[in-house]
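Below you'll find the structure, written out as structure tokens, and then a few comments.
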Protein chains: 2
Amino acid sequence: MTEHVSLALSAAERSCRSKGLALTPVRKRVLQLLLESQAPVKAYDLLAALKPGGGAQPPTVYRALDFLTRAGLVHRIEALNAYTACLHADGHGSAELYICEDCGQVEERHRKISGEAGPGGFLISRSVIEHYGRCSDCASAQASA
Amino acid sequence: MTEHVSLALSAAERSCRSKGLALTPVRKRVLQLLLESQAPVKAYDLLAALKPGGGAQPPTVYRALDFLTRAGLVHRIEALNAYTACLHADGHGSAELYICEDCGQVEERHRKISGEAGPGGFLISRSVIEHYGRCSDCASAQASA
DNA sequence: CTCCGGGATGTTATATTGTTGCGCCAAGGG
DNA sequence: CCCTTGGCGCAACAATATAACATCCCGGAG
């Protein structure tokens, strides 16, 4: 396990403990798999990675993802049906994601939007913001090609 | 058919003709169903509405939706797996959607984001922006309840 | 006119993604 | 001890989406 992964895992454990949430082995393992991946991971790929023998069933991974998402440790990427670990473990509300279509890397920026007002008095409770394109590395690689 | 629906349909026909696109009967019917709905519609609901006898198959509606989306006449709502007619038929790039979780109505604002730069030189080609919450009507109804 | 080619649609089957429902078990409070 | 509660295993299924191939129709080339 690389260092940043174990660091993030212990941070997650502390965060959960402080909120009275149980970071059980299954949940921790799912989070670890997401942290180790450079790119977003699909639920069924996590499932396959969880139990190579094929023993794990869908609800296992979906329940873990649901927990991790609600705990603010993981983001679901709506347009890809995929998941990525949240690197800013403070978990305050909505994130804005920049997803490179070349290398799959996800950059994350936080905006506090919840509670803000949209047009005509619309009251926002949750936002999905996903930008697709090329990260600077891939953009320059492409330009030079 | 209410007036705004027929107006939108003729606008769509003109728009397609000017671009050399074929707004065939199936495509037009799907667009009409979306225009008539107050809320986003799922692909399989469209399918059921298309041919009450159950004769239509999934590819029919998915192909129509693909065409309409690429023509800028329809938006896909990623977090709902649903579709809604685009009311600003000019179809310039990304839309920002405000989706009321009470009544289902979708408000639409346009931002031209494509080509803009994100953090660290990220080059955006397409954005998904969906805000969930309550429209002003539903927010005030709730407040008074 | 005939033939050909491309786009649109029909048809069948399958892949992918996500959920429901039930039961077991272990931890903790009375 | 008993009972509740939350987490997990398990089986089945529901919902969403695509692949692959056949057919039809129309418009242009010969």
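Quantities reported herein were computed from a predicted structural model and do not represent experimental measurements. Letters A, B, ... mirror the listed sequences (proteins, then strands); counts begin at 1.
For the pair A:Leu68 CG and D:dG7 P, the interatomic distance rounds to 12 Å; values are reported in whole Å. Protein atom CG of A:Leu21 is 15 Å distant from nucleotide atom C1' of D:dT5, rounded to whole Å. Atom CD of A:Gln57 is separated from atom P of C:dG21 by 18 Å (rounded to the nearest Å). Remark: C1' of D:dA20 and OH of B:Tyr62 are 18 Å apart, rounded to the nearest angstrom. Straight-line distance from the CD atom of B:Glu78 to the P atom of D:dA15: 20 Å, rounded to whole Å. The CG atom of A:Leu50 sits 13 Å away from the P atom of D:dC10 (whole-angstrom rounding). At whole-Å resolution of the value, CG in B:Asp66 and P in C:dA8 are 11 Å apart. In this structure, CG of B:Asp45 is placed 15 Å from C1' of D:dA17, rounded to the nearest angstrom.
Taking only side-chain atoms of A:Arg27, from C-beta outward, the nucleotide of D:dG9, C:dA8, D:dG7 with the closest atom is D:dG7. With distances taken from any side-chain atom of A:Pro58 to the nucleotides C:dT19, D:dG9, D:dT18, the minimum falls on C:dT19.
For the residue pair A:Leu73 and A:Leu31, the shortest heavy atom distance occurs at O-CD1, 4.0 Å.
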Exercise. Check step by step if side-chain contact (heavy atoms from CB on, under 4.5 Å) holds for A:Leu34 and A:Val74.
Key: CA-CA 8 Å; A:Leu34 287 169; A:Val74 159; 3.5 Å; yes

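The nearest heavy atom of DNA chain C to B:Val26 and to A:Tyr83 marks one nucleotide each, and the one closer to the 5' end goes with B:Val26.
Judged by distance alone, the side chain of B:Ser10 and the main-chain N or O of B:Ser6 form a donor-acceptor pair under 3.5 Å. With hydrogens and angles disregarded, no donor-acceptor distance shorter than 3.5 Å links the side chain of A:Ser127 to the backbone of B:His131.
If you check distances only, the side chain of A:Arg63 never reaches the base of C:dG18 with a donor-acceptor pair under 3.5 Å. One cannot find a donor-acceptor pair under 3.5 Å joining the base of D:dA14 and the side-chain atoms of B:Tyr44.
Look at A:Arg76 and you won't find any side-chain N or O under 4.0 angstrom from OP1 or OP2 of C:dT17. Contact annotation: A:Lys42 side-chain N/O to C:dT17 OP1/OP2 distance is under 4.0 Å. Residue B:Thr24 places no side-chain N or O under 4.0 Å from the OP1 or OP2 atom of C:dA8. Look at B:Asn81 and you won't find any side-chain N or O under 4.0 angstrom from OP1 or OP2 of D:dA15.
Distance CG/A:Leu123 to OG/B:Ser136: 10.0 Å, rounded to 0.5 Å. For the atom pair B:Leu21 CG and B:Glu13 CD, the distance stands at 12.5 Å (nearest 0.5 Å).
Across its full length, the helix from C:dC1-D:dG30 to C:dG30-D:dC1 shows an angle of 10° between the axes of its 5 terminal pairs at either end, rounded to 10 degrees.
Aromatic ring orientation, B:His110 versus B:His75: tilted (interplanar angle from 30° to 60°).
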